[in-house]
Protein chains: 2
Amino acid sequence: MLKSNEDRASGVVTSGRWGQIYDDLKSAILAHNIAPGTKLPEDELGEVYSVSRTLVRAALQALAHDRLVQLEPNRGAFVAKPTKREAREVFEARAIIEPKVAAMAAAIAKPSDVKVLRRHLDEEHKAIHDGRQGDAVMLSARFHEGIAEIAGQTILTEIITSLCSRSALIISLYSRRADTFCESHAHHALVDAIAANSELDASELMTSHLVDLLSGIDVSESAGPQRKLSEILRGF
Amino acid sequence: MLKSNEDRASGVVTSGRWGQIYDDLKSAILAHNIAPGTKLPEDELGEVYSVSRTLVRAALQALAHDRLVQLEPNRGAFVAKPTKREAREVFEARAIIEPKVAAMAAAIAKPSDVKVLRRHLDEEHKAIHDGRQGDAVMLSARFHEGIAEIAGQTILTEIITSLCSRSALIISLYSRRADTFCESHAHHALVDAIAANSELDASELMTSHLVDLLSGIDVSESAGPQRKLSEILRGF
DNA sequence: CCGCGCAAGATTGGATTCATTTCTTCGTCA
DNA sequence: TGACGAAGAAATGAATCCAATCTTGCGCGG
């Protein structure tokens, strides 16, 4: 299992030791080891990690803030099930933000930065080759984060990290193609553009890459999963 | 005091009744009623709101995730003091995101949407006229949120809301001009562009508006406030 | 007089306990 | 037989309690 690096990126997890539970749950969710909609009972998690519900609740609250779990009052925590609208909006947001960030990164990327990216790419390729889809999704996300880091934008990095996390959930829910994450040649082209310091290419490649990702998602507006049954069955 | 509308925007505060504490503290921080760096002791807040520290801790954790308070292990919670780098990055992020969102809003704005914006503007103007600076800052933020809402982008709205919150903190720390928030004519021009459905104007006006805001902030890299005293005084 | 060390107080971190709500199951009645 | 309802079980919401850490102030020694 890949270790999460969220604590480094977010900086929020500074206090207490619920950060471990947070990271662990997050990894499990992003790697698709826990299906969306799954209930996350506090007792059970406390048992698993040998801690009281207090820490579990803290971790769940943090995950809820990341929109990776949904807290329902008096009912508990569930792995989030993004609606199709949310799915579309996540990628629209990324399409607005990431091309600009990629351009910034391309503008100031040093050879050492490019090296780091290529190392990411290798790991990603290996994960795909080994059939570890969960790791592949997470590494893909980390690749996008890496670009934002090169751009020197910690805040935008956090935003992109969050959007990538939600993207992982979305892919696990709505992916049509099994290879939604296998488009590593797009990543390769991006690295080349960044290495060549060509802002325009980086921007456009990122845009088309995101469009391509979205095209692998079924976002047709078929009777949102969020509609209550009582609403749907009103006509009977 | 203006009532916060964060619960509506975020949707995270669905469970428990710590949302009230969260909203209240957030309003106080954004309205500059609590200075950055102020310690927020759990006991004291629990006393104020007549709840146990449990709920206070939950609220503080949520605020920490918003980067409005900083949690230091075994030391407690403090109102966040954004560094100048953070300040710059917040506005750089806004400069990347908001012009595009403004263009989207302009593309699809209906007259009713424009009406809502103008009502916002009136309130903002009144607050400025009455000298209620805190309310003015919050209303200014809500104006920006309103544009994102018109664009129909809930996720980008959340992101912008968060960035505006942090901007409020930044302004209270680094504002040079007392009128950093008084540039309501910029908001007026933006509304006009949106009303005219001219995407380009909206985008450019938003960009220049943000540049103007940033110009009112002192972001010179003078010995960052984050440098440890031991580091600064090493030479003695 | 100043600096160092130690102890008491205060504050946070986390677990436990109690209260409230919801879910499940079983029984009754139509 | 199926539906309604109540009682018990289980899970969450919140307060309280205990442990660990930090801060503060006093005393001691240099």
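Proteins come first, then strands; the chains are lettered A, B, ... in the order of their sequence lines, and each starts at number 1. What you see is a predicted model, and the numbers here were worked out from it, not measured in a lab.
With rounding to whole Å, B/Asn74 atom CG is found 12 Å from D/dA20 atom P. Atom CZ in B/Phe78 sits about 11 Å away from atom C1' in C/dT12, given to the nearest Å. In this structure, CD of B/Glu72 is placed 18 Å from C1' of D/dA20, rounded to the nearest angstrom.
In this model, a donor atom of one side chain and an acceptor atom of the other lie less than 3.5 Å apart for A/His144 and A/Glu98. B/Gln133 and B/His32 form no side-chain donor-acceptor contact under 3.5 Å, judged by distance and modelled atom types alone.
Applying the 4.0 Å criterion to OP1 and OP2 of C/dT12, one finds that B/Lys39 has a side-chain N or O inside that range. The side chain of B/Arg17 places an N or O atom within less than 4.0 Å of a non-bridging phosphate oxygen (OP1 or OP2) of D/dA15.
Residue-to-nucleotide contacts include no donor-acceptor pair under 3.5 Å from the side chain of A/Arg57 to the base of C/dG14. At a cut-off of 3.5 angstrom, the base of C/dA15 holds at least one donor-acceptor pair with the side chain of A/Thr54. Between the base of D/dG13 and the side chain of A/Arg53 there is a donor-acceptor pair shorter than 3.5 Å.
With D/dT23, D/dT16, D/dT12 as the choices, the nucleotide that has an atom nearest any side-chain atom of B/Arg75 turns out to be D/dT23.
Helix bend of the helix from C/dC1-D/dG30 to C/dA30-D/dT1: the angle between its two end axes, each built from five pairs, comes to 0° after rounding to 10°.
The pair B/Arg142-B/Glu123 fails the salt-bridge criterion, with no side-chain N (NZ, NE, NH1 or NH2) lying under 4.0 Å from an Asp/Glu carboxylate O.
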